[in-house]
Amino acid sequence: MQILCYAIFSISLLLFHNTNTIVLVQALTSPSDIAALRAFKASIKPSSIAPWSCLASWNFTTDPCSLPRRTSFICGLTCTPDSKAINQITLDPSGYSGTLTPQISRLTQLTTLDLSDNNFFGSIPSSISSLSNLQTLTLRSNFFSGPIPPSITTLKSLQSLDFSHNSLSGYLPNSMNSLAKLRRLDLSFNSLAGSIPKLPPNLLELAIKANSLSGPLQKQNFEGMNQLEVVELSDNALTGTLESWFFSLPSLQQVNLANNTFTAAQISGPHPDSGGIGSRSNLVALDLGFNRIQGYAPANLASFPALSFLSLRYNALRGAIPLEYGQIKSIRRLFLDGNFFLGKPPPGLVASTEVTGSLGDNCLQECPRSSQLCSPAQKPISVCKRAYSGRPTPIPVVG
C-alpha cells in the first residue's frame with residue numbers, strides 16, 4: 001500500500017520526461033497571483049476576447065505556471081523560475097477592451113506589464129504603485145484616460161515607462177525625478193498640460209510629443225542628465241528662450257522641439273583652447289522648425305561635428321544665412337525655408353549634391369533655380385520689404 005501511494009504521488013509530479021528534461025507539475029502558483037489573474041481577465045469584455053487570442057487560453061482549471069502549456073495559458077504571461085509567481089504579463093495586440101483592474105497590485109513579483117496596442121480604457125489604477133519589482137510598464141496605444149497617478153513615482157525599479165497614444169490628461173507628477181532607474185519615458189500623443197517638472201536623472205530617451213505642455217525648459221529640471229540622448233518634445237506649447245545649457249547636455253544626439261512657441265535660441269560657440277561644446281558634441285539631428293524664433297541664424301551650429309539634420313524652417317529668422325552652413329561637412333538635410341533670410345545663399349550649399357532640403361520661401365537673391373535647395377520660390381518682394389521696413393532691432397539668436 002505504501003509503495004502504491006508513493007507511485008501515485010510520483011506520477012502526479014512527473015508530467016514530461018525525455019532524455020534531457022524532467023519537468024515537475026506540482027501546482028505552485030500562489031493563490032494571490034491566481035486571484036489577480038482572474039480579476040484581470042474578468043475586467044475585460046468577453047466579446048473582445050478572440051478565440052485565437054492569448055487571453056482565450058487563460059483557463060483557470062489549470063495552474064497558470066504548470067508546464068508544458070499545450071492548451072491553457074499558452075501565451076500572455078510568464079512565471080518565476082520556481083513557478084510560484086507571475087513575473088510578466090505581455091498581451092498580444094488582439095483588440096482586448098476593458099479596464100485595468102486594481103487587483104493587478106497583487107502580482108507583487110511582476111517585472112513587466114505590457115498591454116500595448118489594445119482597447120483598454122478608464123483610469124490607470126493608483127494601486128499599480130505596489131508593483132515594487134516592475135521594470136517595464138507599457139500601456140501604449142490604448143484609450144486610458146484621466147491623470148497619471150502620482151503614486152507611480154514610487155516604482156523605484158522602473159526602467160521603461162510608455163503611456164504614449166492614450167487620452168491621459170492633467171499634469172506630470174512633480175516627483176518624476178525619484179524614478180532614478182528610469183531610462184526611457186514616452187508620454188507622447190496624450191492631452192497632458194502644464195510645465196515639465198524635474199526629470200529622472202538617468203534618462204536616455206525623453207518623449208512627450210503632441211501634448212499641451214507649456215512654459216520654458218528650465219535648467220534645474222534637466223540637472224544631472226548627462227546620459228540624455230533623445231529629446232522629443234515637438235507639438236506642444238513650450239515657450240521662452242532655448243538657453244545654451246540645453247545644447248551643452250553632453251550626450252544629446254537627437255532633439256526635436258518643432259511646433260512650439262519658442263522665441264529665441266542661445267547656442268554658445270566653441271572655445272579655441274578647449275574645443276568647446278561644438279567639437280565634443282554628439283548632436284546628429286536638431287529640429288527647431290515651426291516656432292517663433294527671431295533674430296539671426298546661429299552660426300555656431302556649424303561647429304557641431306556630427307550634425308547631419310538641421311531644421312530652422314518657418315520661424316522669423318532674418319539676415320544672411322551664415323557662410324559656415326556651407327562648410328558643415330556632416331550635413332545631409334538642411335531646412336531653412338519659411339524665414340526672412342536675404343542676400344546670397346552660401347555657395348557651398350547650392351553647389352552641393354549631397355545636401356537636400358530647402359532654402360525656399362525666404363528673401364534670398366540669386367538662389368539658382370537649378371539647385372533643388374532653392375525650391376519653393378522666394379517670398380514676393382513686397383513681403384520682404386514689409387518685413388524689413390524700419391529694420392527693427394531683432395531679438396538675437398546668440399551664435
Side-chain angles (χ1 to χ4, degrees), residues 90-91 93 100 112-124 128 134-150 152-153 155 158-177 179 181-218 221-222 225 227-239 242 246 249 251-262 283-291 309 311 313:
T90 304
L91 290 189
L100 178 56
T112 298
L113 177 60
D114 186 346
L115 311 181
S116 57
D117 300 297
N118 281 290
N119 297 314
F120 284 87
F121 57 87
S123 60
I124 299 172
I128 207 168
L134 202 62
Q135 297 175 17
T136 301
L137 177 55
T138 304
L139 306 181
R140 180 185 66 248
S141 296
N142 281 283
F143 296 95
F144 287 106
S145 58
I148 298 173
I152 207 165
T153 61
L155 296 174
L158 202 60
Q159 298 176 21
S160 176
L161 175 61
D162 189 344
F163 289 170
S164 63
H165 295 272
N166 279 282
S167 300
L168 299 172
S169 57
Y171 303 109
L172 299 178
N174 285 327
S175 52
M176 291 289 291
N177 64 307
L179 296 171
K181 293 186 177 180
L182 196 67
R183 308 292 275 171
R184 181 177 181 271
L185 174 63
D186 194 344
L187 305 175
S188 301
F189 296 96
N190 281 286
S191 298
L192 299 168
S195 59
I196 297 174
K198 190 171 178 59
L199 294 165
N202 293 308
L203 276 183
L204 295 176
E205 300 179 21
L206 170 66
I208 320 180
K209 176 181 181 177
N211 281 274
S212 299
L213 300 178
S214 59
L217 300 185
Q218 298 182 324
N221 295 335
F222 286 77
M225 300 185 72
Q227 301 175 68
L228 187 62
E229 297 177 352
V230 178
V231 176
E232 171 56 271
L233 296 174
S234 62
D235 299 285
N236 280 286
L238 298 169
T239 60
L242 290 167
F246 178 78
L249 294 171
S251 298
L252 276 186
Q253 296 180 19
Q254 301 177 46
V255 175
N256 189 352
L257 300 175
N259 288 290
N260 281 284
T261 53
F262 292 111
L283 189 64
V284 173
L286 174 62
D287 193 343
L288 302 179
F290 297 94
N291 277 279
F309 176 92
S311 174
R313 66 194 319 189

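Note that the numbering runs from 1 along the sequence shown for the chain.
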Minimum side-chain heavy-atom gap V231-L249 below 4.5 Å: no
Test your reading of the model: is there a side-chain donor-acceptor pair from N211 to the backbone of L213, 3.5 Å cut-off? no
Donor-acceptor pair, N119 side chain versus F121 backbone, under 3.5 Å? no
Derivation of the side chain to side chain contact (heavy atoms under 4.5 Å, CB included) call for L192 and F163: CA-CA 11 Å; L192 299 168; F163 289 170; over 6 Å; no
Between the main-chain N or O of N260 and the side-chain N or O of N291, is there a donor-acceptor pair closer than 3.5 Å? yes
Does the side chain of I124 reach to within under 4.5 Å of the side chain of L168, using non-hydrogen atoms? yes
CG-CG distance between L204 and L185, expressed to the nearest 0.5 angstrom: 11.5 Å
Closest approach of N256 and E232, non-hydrogen atoms and distance? ND2-OE2, 3.2 Å
Heavy atoms only: give me the nearest L179-L155 pair and the separation to one decimal. CD2-O, 3.3 Å
I'd like to know if the side chain of D287 and the backbone of L257 have a donor-acceptor N/O pair within less than 3.5 Å. no
Non-hydrogen atoms of P173 and M176 that approach each other most closely: O-CG, 2.9 Å
Would you check, one step at a time, whether the test side chain to side chain contact (heavy atoms under 4.5 Å, CB included) holds for D235 with F189? CA-CA 9 Å; D235 299 285; F189 296 96; over 6 Å; no
Is the shortest heavy-atom distance from the side chain of Q227 to the side chain of R183 under 4.5 Å? yes
Considering only heavy atoms from C-beta outward, does the side chain of L158 approach that of K181 to under 4.5 Å? no
Note, L203 side chain near M225 side chain (heavy atom, < 4.5 Å): yes
Any side-chain heavy atom of I196 within less than 4.5 Å of one from L217? yes
Okay, side chain of N166, backbone of N142: is any donor-acceptor separation there less than 3.5 Å? yes
State the CD-NZ distance between Q218 and K198, to the nearest 0.5 angstrom. 11.0 Å
In the structure I gave you, are the side-chain heavy atoms of S145 and F143 within less than 4.5 Å of one another anywhere? no
Does one side chain, of D114 or T112, offer a donor that lies under 3.5 Å from an acceptor on the other? no
Does either side chain, that of Q253 or that of S251, offer a donor lying less than 3.5 Å from an acceptor on the other one? no
Side chains of I148 and L187, heavy atoms from C-beta outward: is any pair under 4.5 Å? yes
Polar side-chain atom of N177 near backbone of L199 as donor-acceptor pair, under 3.5 Å: no
Any donor and acceptor pair, going by atom type alone, linking the side chain of S188 with main-chain N or O of K209 inside 3.5 Å? yes
Please verify the inter-ring angle class for F120 with F144; under 30° counts as parallel, over 60° as perpendicular, anything in between as tilted. parallel
To the nearest 0.5 Å, tell me how far E205 CD sits from D162 CG. 10.0 Å
Look up atom CG in L288 and atom CZ in F262, then write down how far apart they are to the nearest 0.5 Å. 8.5 Å
